[in-house]
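The structure under discussion appears below in the form of structure tokens.
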Amino acid sequence: MTSTTPTNLPLVLLVDDSVDVHRLLQARLRHEQFQLIGATSGAEALQLAETMPVACILLDLDMPVMDGFEVLRALKDKSSTHSVPVIVLSGLNSSDDKVTAFDLGATDYVTKPFDLSELRARLRASLRLNHLLTLLAERADVDGLTGLGNRAHFNKRWSEQFAEASRYGHALSLAMLDVDHFKKINDTYGHPAGDEVLQRVASVLQSSCRQFDVPCRFGGEEFALIMPNTGPADAAKVAERIRQEMADLQFPRHPEQRMTISIGLAGTDGGVGAMNAEEWLESADKGLYQAKRTGRNKVTVNNLTPSQTLRLAKAG
Amino acid sequence: MSKRSAQSIGLTGSSSEQIRSQLADDADMAELIEQFVRELPERAESLLRAARQAEFEQVRRLAHQLKGACGGYGFPQIGELAGSVEQMSPKGAALSNQEVERLLQTVNELNSMCKRAVAR
């Protein structure tokens with residue numbers, strides 16, 4: 001029942017097993033500033049909500065096989081659908097059901113038969129809420145100075161990528177990057193010069209990494225680059241490209257003073273052994289400090305592929 | 001009873017009056033209501049069939065949907081009766097002969113009421 005017309009209007013997903021309700025609301029809501037798509041079962045609803053950028057869900061409670069409460073629970077359990085506002089529709093005006101719905105995470109509750117103007121107003125309110133939540137989520141994940149993902153974004157993406165690599169035995173690499181002698185720039189040329197350096201590092205990171213890589217500002221003058229499906233050898237090439245580009249850059253504010261970065265990299269060709277996400281991060285960090293200690297402006301690579309980790313452990 | 005007297009009974013009783021949608025004047029709804037009214041007798045028949053075959057879960061389901069739909073399409077009287085049918089066939093409950101009898105009677109009533117619905 002999904003409409004195929006692509007528009008920029010927000011998507012509202014109607015979940016109801018009754019075709020009458022779909023027809024009715026399609027007619028009643030066709031002049032609103034959103035596009036209505038439909039599902040006639042809980043399973044179909046969950047599948048649509050996960051694959052489409054749904055802005056609000058109208059959810060009927062009384063459905064066979066999987067009822068509205070179950071659908072609501074499943075929606076709130078998944079990170080991809082967790083924050084989508086859900087308006088529960090019910091023929092029952094019972095306090096118990098309302099309380100259960102709100103406790104499970106519903107945003108609003110409307111009883112059938114609908115008062116159309118009320119339903120429209122409630123839909124608009126939920127869409128406003130979704131818009132603000134989306135804005136907030138974006139802001140909360142973005143570093144204001146560089147436009148890269150911030151530490152929170154890094155933490156989220158890193159644990160996702162780590163979990164996936166350990167579950168499926170995929171290759172994965174992580175690089176930690178730190179600007180050499182950054183404090184001197186701030187002290188000598190002032191904070192605007194320092195800010196500019198950070199912004200240039202960010203744009204080098206963005207232009208030198210691949211589309212599926214995840215560059216983040218880790219904090220201060222430290223950056224992180226997650227490279228999914230990439231073993232340490234290929235990741236080292238990316239890191240080296242970044243190091244070189246950075247070293248070649250000239251800065252209008254201080255043309256005589258080039259900026260370099262040191263990079264510590266830890267990656268696996270497949271499997272992570274017994275290592276957890278934090279230990280992996282520490283391994284990349286150790287590499288970074290080793291690069292700093294041994295002269296800066298260089299890349300240090302730690303290969304974490306399990307057989308090699310074992311060999312290293314025995315040798316050490 | 002002669003043909004003439006049966007007819008006169010039918011005319012005086014409310015059971016032959018047409019039931020018009022409360023939303024009949026709403027241009028947005030005209031087409032939808034017509035479609036709904038067209039399909040209504042068939043839905044009522046399915047409900048009756050389910051009740052006769054003692055498929056009470058199905059009766060409950062159909063009555064529930066009909067109740068909701070009737071409300072939305074401007075037939076609250078029919079919706080109310082559908083609601084009664086829904087309540088008479090509760091989830092998982094065993095019905096006594098008397099209850100089944102009452103249910104069948106109400107479904108019959110609902111069936112004839114559905115046939116009196118008109119779009120405009």
Side-chain angles (χ1 to χ4, degrees), chain A residues 1 3 12 14-34 36 38-42 44 58-70 87-94 96-97 100-101 109-120 122-123, chain B residues 21-44 46-47 50 55-92 110 114 117 119-120:
Chain A
M1 296 199 64
S3 166
V12 172
L14 169 64
V15 188
D16 199 311
D17 61 315
S18 154
V19 178
D20 297 305
V21 174
H22 283 272
R23 283 185 194 151
L24 193 67
L25 289 186
Q26 280 289 359
R28 290 310 215 167
L29 300 173
R30 76 177 140 212
H31 301 302
E32 293 295 301
Q33 287 304 301
F34 54 77
L36 192 65
T40 51
S41 73
E44 191 191 353
L58 290 169
L59 177 62
D60 181 34
L61 278 190
D62 193 358
M63 294 188 292
V65 191
M66 188 181 196
D67 73 14
F69 287 136
E70 277 179 80
I87 302 177
V88 166
L89 307 175
S90 172
L92 303 169
N93 199 356
S94 107
D96 278 356
D97 279 350
T100 307
Y109 195 104
V110 177
T111 46
K112 296 182 192 174
F114 316 113
D115 179 292
L116 256 300
S117 50
E118 181 187 327
L119 180 63
R120 285 192 193 109
R122 288 184 186 275
L123 259 167
Chain B
S21 169
Q22 290 177 349
L23 304 171
D25 299 325
D26 188 329
D28 261 3
M29 293 292 293
E31 205 178 307
L32 280 175
I33 296 172
E34 268 172 39
Q35 185 180 11
F36 178 72
V37 166
R38 220 173 20 247
E39 293 171 2
L40 201 49
E42 198 183 306
R43 290 173 79 149
S46 322
L47 196 67
E55 291 168 353
F56 300 120
E57 184 58 29
Q58 176 74 352
V59 170
R60 197 188 74 83
R61 199 72 244 141
L62 291 173
H64 173 78
Q65 290 179 355
L66 191 59
K67 179 186 75 175
C70 285
Y73 289 92
F75 296 100
Q77 329 81 314
I78 307 180
E80 211 171 293
L81 197 55
S84 308
V85 171
E86 183 189 1
Q87 279 178 7
M88 287 174 176
S89 46
K91 224 171 200 171
L110 179 63
C114 283
R120 58 183 81 232

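Note that these values count all heavy atoms, side chains included, but never hydrogens, waters or copies made by symmetry. The chains referred to below are lettered A, B, ... by the order of the sequence lines, with proteins before strands, and numbering in each begins at 1.
Only the side chain of B:L23 comes within contact range of chain A, judged by heavy atoms closer than 4.5 Å. Proximity to chain B involves both the backbone and the side chain of A:D62, based on heavy atoms less than 4.5 angstrom apart.
Atom CD of B:E55 sits in a crowded spot, with more than 12 heavy atoms from other residues, nucleotides or ligands closer than 6.0 Å. Taking a 6.0 Å sphere around CD of B:Q77, one finds it holds more than 12 heavy atoms contributed by other residues, nucleotides or ligands.
Below 4.5 Å, heavy atoms of chain A meet heavy atoms from B:Q35, B:F36, B:E39, all part of residues 33-41 of chain B.
When the candidates A:H31, A:R23, A:R30 are compared by the number of heavy-atom contacts under 4.5 Å with chain B, A:R23 comes out ahead. Chain A forms the most heavy-atom pairs under 4.5 Å with one residue out of B:G72, B:G68, B:C70, and that residue is B:G72.
For the pair A:L24 and B:L32, the tightest heavy-atom approach, listed with the atom from each and the gap, is CA-CD1, 4.2 Å.
For the atom pair B:L66 CG and A:D20 CG, the distance stands at 8.0 Å (nearest 0.5 Å). A:M63 contributes atom CE, which lies 10.0 Å from atom NE2 of B:H64 (distance to the nearest 0.5 angstrom).
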